[in-house]
Amino acid sequence: MRHIAVQILQFSLSFEDEPRTVHRILIEAILAQTPARTLCEQYVADHPELRSLDHLVSTLVSESPFTALVIIDEIPDNLERVLADRFQFGVEVMVVARYRSESGEDIYQFEPFLDDIAAPRGERLVPNVVTPVDSTLIDTIVVPAREDGFQETFLGEQRWHHVRIHGSMRPQIKYIAAYRTATSSAITHIAPVSSIEPWERTGKYVLNFAEPAREIGPVKVGNRVKPLQNLRYTNHERLERASTLDEVWADRWSAVESSL
C-alpha cells in the first residue's frame, strides 16, 4: 500500500512541477499508437473548443484536475479507504484478474473504466445506436432514496452519506438530486453540494449541502429508463429541463437489458 501511495504522489507532483515533460510523453505515446491517435483526433473534431491534438493534451495537463488510476490484480484491505482519506484529488481503482488454462491461454476479467457512467450495472449500451456520455459534462449525481432516509437525512440533515463516487468524478460533482423510490418513483428534489468528504473510514463519501434541497419536476419514470436502484450521473441543466427519466438519460443514449 505504501508503494502505491508513493507512486501516486510522485505522479501528481510531476503534473504540477513538469507539465511540459508530461505533455511531451503523452503526445509521443499517442502518436506512436494509431488507434489512440484516431480516438483523440475524433474527440477533437467533436469538440469545437479544441483546436488540435496538441491543444487537447495541453488542456488535459495544464487545466484539468489531476486524477490517478490504479490498476491492480487484488485490492488490499482498506486500499480504497486509505486513498480516499489521504488524497484530495480523485483516485480510481480497477481490478484486473487473470486466469490461465492448462494449455497456457490467458483470459482477463475486469470492469471497463467508468463503464457504469454510460449505463448502470446490469445494462449495456446498444452498439452503433448511442453516443457515449461525455464525462466532462457530468456535474450531478442522482441517488435513490427511501422515504424515511429522504425525510430524515436528505431534507433534515441536509446531506447524504454512504455514497460511492468514482474518484475521477468527485471534483466535478456540484449537485445532488434525490429519486424517491417508494412514494413517487420520481426525482423530486435537488441541492447544491458544498463539500464531499470521506464517510467514517468506509471508502465511501458524505455529500454536504450548500443550502436546503429544493423541489424540481417531478422527473418521473418514462418508457425506456428503468426506475433507479443505484446512483447515476448526469448534467444539471439537462436534469432541470427534464420531465421524465428518458429525457435525462435515454434521449442521449439508449440501454437494454444485458444478456449476461
Mind listing the closest non-hydrogen atom pair of [X] and [Y] along with its distance?
X: Trp160; Y: Ile176; answer: CB-CD1, 3.7 Å
X: Tyr233; Y: Trp249; answer: O-NE1, 2.9 Å
X: Val22; Y: Ser14; answer: CG2-O, 3.9 Å
X: Phe110; Y: Val96; answer: CB-CG2, 4.0 Å
X: Asn223; Y: Asp246; answer: N-OD2, 2.7 Å
X: Val95; Y: Asp73; answer: CG1-O, 3.7 Å

Original post:
Only one of Leu56, Leu26, Ile27 clears side-chain contact (heavy atoms from CB on, under 4.5 Å) with Val61; which?
Top reply: Leu26

Quick one: [atom1] on [X] to [atom2] on [Y], what's the gap to the nearest 0.5 Å?
X: Ile8; Y: Leu13; atom1: CD1; atom2: CG; result: 12.0 Å
X: Asn235; Y: Ile138; atom1: CG; atom2: CD1; result: 9.0 Å
X: His236; Y: Arg241; atom1: NE2; atom2: CZ; result: 10.5 Å
X: Glu152; Y: Arg146; atom1: CD; atom2: CZ; result: 13.5 Å
X: Thr59; Y: Arg51; atom1: OG1; atom2: CZ; result: 7.5 Å
X: Glu41; Y: Asp46; atom1: CD; atom2: CG; result: 12.0 Å

**OP:** Walk me through it: do Val70 and Glu92 pass the test side chain to side chain contact (heavy atoms under 4.5 Å, CB included)?
**Re:** CA-CA 6 Å; Val70 177; Glu92 297 279 357; over 6 Å; no

Evaluate whether atom [atom1] of [X] has more than 12 neighbouring non-hydrogen atoms of other residues, nucleotides or ligands under 6.0 angstrom away.
X: Glu147; atom1: CD; value: yes
X: Glu157; atom1: CD; value: yes
X: Gln229; atom1: CD; value: no
X: Glu200; atom1: CD; value: yes
X: Glu105; atom1: CD; value: no

Subject >> Asn208 and Ser195: CA distance, side-chain angles, deciding distance, side chain to side chain donor-acceptor pair (under 3.5 Å) verdict >> reply: CA-CA 5 Å; Asn208 300 303; Ser195 64; 3.0 Å; yes

**OP:** Kindly determine whether Ile190 and Glu240 satisfy side chain to side chain contact (heavy atoms under 4.5 Å, CB included), including the steps that lead there.
**Re:** CA-CA 9 Å; Ile190 191 170; Glu240 291 279 9; 4.1 Å; yes

Side-chain ([X]) to main-chain ([Y]) donor-acceptor, under 3.5 angstrom:
X: Asp139; Y: Lys174; answer: no
X: His23; Y: Pro19; answer: no
X: Ser58; Y: Asp54; answer: no
X: Ser168; Y: Gly90; answer: no
X: Arg37; Y: Ala32; answer: no
X: Asp106; Y: Arg100; answer: no
X: Glu247; Y: Ser243; answer: yes

Is there a side-chain contact between [X] and [Y] in this structure, where contact means two heavy atoms from C-beta onward sitting under 4.5 Å apart?
X: Gln7; Y: Ile4; answer: no
X: Leu207; Y: Ile141; answer: yes
X: Thr188; Y: Phe150; answer: yes
X: Thr153; Y: Asp148; answer: no
X: Leu231; Y: Arg164; answer: no

Original post:
Should Leu245 and Ile187 be marked as a side chain to side chain contact (heavy atoms under 4.5 Å, CB included) after you check the CA-CA gap, both sets of side-chain angles, and the distance that decides it?
Top reply: CA-CA 8 Å; Leu245 300 185; Ile187 302 171; 3.7 Å; yes

When you group the ILVMFWY residues by side-chain heavy-atom contacts below 4.5 Å and let the links chain together, are [Y] and [X] in the same group?
X: Phe11; Y: Ile72; value: yes
X: Tyr108; Y: Ile71; value: yes
X: Leu228; Y: Val221; value: yes
X: Leu31; Y: Ile25; value: no
X: Val91; Y: Val206; value: no

Subject >> Test side chain to side chain contact (heavy atoms under 4.5 Å, CB included) applied to Ile216 and Arg214, step by step >> reply: CA-CA 7 Å; Ile216 62 170; Arg214 62 176 176 82; 3.3 Å; yes

**OP:** Evaluate the ring planes of Phe209 and Phe154, with Trp represented by its six-membered ring, and classify them as parallel (under 30°), tilted (30 to 60°) or perpendicular (over 60°).
**Re:**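 Because their plane-to-plane angle is over 60°, the rings of Phe209 and Phe154 count as perpendicular.
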
**OP:** Mind telling me whether His161 and Trp199 have parallel, tilted or perpendicular rings, with 30° and 60° as the class edges?
**Re:** parallel

**OP:** Start with the C-alpha gap between Glu215 and Arg180, add the side-chain angles, then the distance that decides, and say whether salt bridge (charged side-chain N to carboxylate O under 4.0 Å, His left out) holds.
**Re:** CA-CA 12 Å; Glu215 292 188 27; Arg180 297 164 72 181; over 6 Å; no

